[in-house]
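Values below: all heavy atoms of this structure, side chains included; hydrogens, waters and symmetry mates excluded. Source: prediction; values computed, not measured.
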Amino acid sequence: MLKSLQIFGFLALLQAVASQQIWDIWQTTWNREMLFTYFQPTPDPINFVTPGPIGSADIVIDDSSVYQTVYGFGASLTDSSAGLLNNLKAQNSGSYWQLMDYLFNATDAANSAGFSYIRVPLGASDFSANTYSYDDVSGDTPLYDFNINAAPSSVFSVLQDILSINDMARIHILPWSPPGWMKSGGTMNGGSLDIQYISIMANYLLKSVQGFSNKGIPIYAISIQNEPENSDSTYPSCSMPVATEAQIGLALRTLLNDNGFSAVKIIGYEHNWVDAANYPVQLMQQAESAFDGVSFHCYQGTVNEQASFTSQYPNKEVYFTECSGSLGSDWWSDIKWYMDNLFIGSISYGSSSGLMWNLALDGNGQPLLPGTDSCGGGCRGVVQINSDGTWSVNQEFYSMAQASKAILPRDAGGPWGQRIGVSVGGSLDWALVVGAYKTGRVSSSDWNRYSIVVLNWDDSASTSWNPQPVTATIEFRGMQATYTFPVGVTTLWWYAPN
């Protein structure tokens, strides 16, 4: 009897291992023949089998090494983005809802990106029609005149529409500047906060959380100041020393906790990789209890500098929250850079999100704040919305969509994907950049989903153009699958027991 049970157990294990199969593939290729296109391998699924020789590249999955949860990809809903989207809704409602579904529907197997992390400026940014805060009454230290409706109504209506499609979307709010009267120069454009207003600014941020909440928009996270090492006299910005941000953070943490918002995270820094070893580290040294983590932008430095922070504060969260596309740049070159540095790269250095800057702009990178010197050469939105009621998605969309598919919950109400260990070997190990993820299930009897996002950038672009598909083996729990990755980005997955 014992022997037969052992044989049965062995056969069950064998069946479980042998039945791991790749059925689902999403792909974007350099030549645009595939544009975030779903397909199934034909004529049969790709099976994991007893290992043979490795391919030109060998992707080794280590699911015993489990890292951070990834909460998704997205962009900032600036006033300009919200206005364009709202105009599209008025002009062509069907087209608007088609676009919104394509961007935000996070239902498993939907033909959509499932973007699920949205950043929203509090008050004006360099993509607003005019400069304003939520309280522009000089000297109003009790904030009696605080008014969340100083923002265009389209900001809130578009957010409500997003949440109606994807109720898992996380909303992260932050100011580009305090109200001008709180600042040394009396203007929102450049300068710094007068430190006598530290507690007032903390209350201003609390009121912002309450204002969004009262409109049915729950806040996931708030930051104290966008790009605190940037002061630009042509648009809302504010230089904020570490000590000031730390003090506001400590005061705000107490206010949030005392007013029913203890679950709202406070995320510090919100600036470039280049200073990762300094400002965010010092912020933790001064106010670690207030801040859940920090966030990074791409405009100076390199992605590996995130490790300067995570190595010192491994238990703090990291988010990647801003990078902008530039008008006129090369579509495929951008996708390579985005995957290598942001949507595989930043995640591999610990980020729990990957965001671009404007969610939507027109084809000229407008509308910009009048008079700003921001976005020299023009910023490109994730989506382009045209005056005739049509829209198109840009390379930023395809890059993030490929990454997003790998980490979305498999089940309604289920867990988000977690990064797991992966390495690439073989003679063409340099040709593939790979991120690997595990998504758990609601029922313990259901198999986990294991996903990989693979950039093949073997195109010889630096010498003579020669795109080469790469035949790779995928090693998982002692079994092996084989797939030939075209030059482009491929997301695929399989299921296996926990």
Work out which heavy atom in Ser399 is nearest to a heavy atom in Ile335; give both atom names and the distance. OG-CG1, 3.5 Å
Point-to-point distance, once rounded to the nearest 0.5 Å, from CD1 of Ile452 to CD1 of Ile59: 4.5 Å
ring-ring contact (aromatic ring centres under 6.0 Å, His included) with Trp30: of Trp331, Trp465, Phe485, Tyr398, only one passes, and it is Trp465
Do Ile162 and Met100 pass the side-chain contact (heavy atoms from CB on, under 4.5 Å) test, and can you show the C-alpha distance, the side-chain angles, and the key distance before you say yes or no? CA-CA 7 Å; Ile162 290 170; Met100 295 293 275; 3.5 Å; yes
Aromatic contact between Tyr450 and Tyr495, with the criterion being ring centroids under 6.0 Å apart: yes or no? no
Mind listing the closest non-hydrogen atom pair of Ser154 and Gly83 along with its distance? OG-N, 3.8 Å
One should read off an interatomic distance between Phe115 CZ and Met356 CE, to the nearest 0.5 angstrom, of 10.0 Å
Quick check against the 3.5 Å criterion: does Thr473 have a side-chain atom that pairs as donor or acceptor with the backbone of Thr482? no
Are Lys405 and Trp26 in a cation-pi setup, meaning NZ or CZ lies under 6.0 angstrom from the ring centre and within 45 degrees of the ring axis? yes
Drop me the distance from Gln27's CD to Leu492's CG, to the nearest 0.5 angstrom. 9.0 Å
Is it the case that the ring center of Tyr349 lies less than 6.0 angstrom away from the ring center of Phe320? no
Excluding sequence neighbours, so at least two apart, what forms side-chain hydrogen bond (donor to acceptor under 3.5 Å, both in side chains) with Ser64? Asp62
Partners passing side-chain hydrogen bond (donor to acceptor under 3.5 Å, both in side chains) against Ser392 (at least two apart in sequence or in another chain): none
Quick one: CG on Asp459 to OG on Ser333, what's the gap to the nearest 0.5 Å? 7.5 Å
Compute the ring centroids of Phe476 and Trp494, then answer whether they are less than 6.0 Å apart. yes
Going by side-chain hydrogen bond (donor to acceptor under 3.5 Å, both in side chains), name the residues that satisfy it together with Ser80, two or more places apart in sequence or in a different chain. none
Taking Asp58's backbone N and O only, do any of them form a donor-acceptor pair with Glu475's side chain (distance below 3.5 Å, no angle check)? no
To the nearest 0.5 Å, tell me how far Leu342 CG sits from Ser348 OG. 10.5 Å
Which pairs of donor and acceptor atoms, one on a side chain in residues 413-436, lie under 3.5 Å apart (sequence neighbours left out)?
unit_1: Arg419; atom_1: NE; unit_2: Gln68; atom_2: OE1; d: 3.0
unit_1: Arg419; atom_1: NE; unit_2: Ile347; atom_2: O; d: 3.2
unit_1: Arg419; atom_1: NH2; unit_2: Gln68; atom_2: OE1; d: 3.4

According to the disulfide bond (SG atoms under 2.5 Å apart) rule, which pairs have a member within residues 372-430, sequence neighbours left out? Cys375-Cys379
Classify the ring geometry between Phe397 and Phe36 as parallel (under 30°), tilted (30 to 60°) or perpendicular (over 60°). perpendicular
Check step by step if side-chain contact (heavy atoms from CB on, under 4.5 Å) holds for Phe73 and Leu355. CA-CA 5 Å; Phe73 299 84; Leu355 274 65; 5.9 Å; no
Flag side-chain contact, heavy atom, 4.5 Å: Ser93 against Gln98: no
Side-chain H-bond candidate by donor/acceptor type, Ser464 with Asn466, under 3.5 Å: no
Side-chain (Glu227) to main-chain (Glu229) donor-acceptor, under 3.5 angstrom: no
Looking at Asp126 and Ser374, would you say the former's side chain and the latter's main chain have a donor-acceptor pair under 3.5 Å? no
Any donor-acceptor N/O pair, Ser352 side chain to Thr69 backbone, under 3.5 Å: yes
Salt bridge (charged side-chain N to carboxylate O under 4.0 Å, His left out) against Asp161, all qualifying residues, sequence neighbours excluded: Lys89
Sequence neighbours excluded, the answer for salt bridge (charged side-chain N to carboxylate O under 4.0 Å, His left out) partners of Asp63 is Arg477
To the nearest 0.5 angstrom, please state how far the CD1 atom of Ile46 sits from the CZ atom of Phe48. 8.5 Å
When you check the side-chain N and O atoms of Ser125 and Thr78, is any donor under 3.5 Å from an acceptor? no
Would Asp334 and Gln395 count as having a side-chain donor-acceptor pair, cut-off 3.5 Å? yes
If only atom types and distance count, is the side chain of Asn358 paired as donor or acceptor with the main-chain N or O of Ser81 below 3.5 Å? no
Once salt bridge (charged side-chain N to carboxylate O under 4.0 Å, His left out) is applied, do any residues pair with Lys316, and if so which ones, sequence neighbours excluded? none
Asp232: which residues meet the side-chain hydrogen bond (donor to acceptor under 3.5 Å, both in side chains) condition with it, sequence neighbours left out? Thr234
Residues in salt bridge (charged side-chain N to carboxylate O under 4.0 Å, His left out) contact with Asp330, at least two apart in sequence or another chain: none
Does the Asn394 side chain pair with the main chain of Glu396, one donor and one acceptor, at a distance under 3.5 Å? no
Salt bridge (charged side-chain N to carboxylate O under 4.0 Å, His left out) partners of residues 430-444, not counting sequence neighbours, each pair once: Asp411-Arg441, Arg441-Asp446
Would you kindly say whether Ser128 and Asp79 are connected by a side-chain donor-acceptor distance under 3.5 Å? yes
Answer with yes or no whether the side chains of Gln306 and Trp273 bring together a donor and an acceptor at under 3.5 Å. yes
May I have all residue pairs that pass side chain to side chain donor-acceptor pair (under 3.5 Å) and include part of residues 103-119, sequence neighbours excluded? Ser76-Arg119, Asp101-Asn105, Asn105-Thr107, Asp108-Arg410, Asp108-Arg449, Tyr117-His172, Arg119-Asn226, Arg119-Glu270, Arg119-His297, Arg119-Glu322
Would a distance-only check, ignoring hydrogens and angles, find a side-chain to backbone donor-acceptor pair under 3.5 Å from Thr321 to Ser295? no
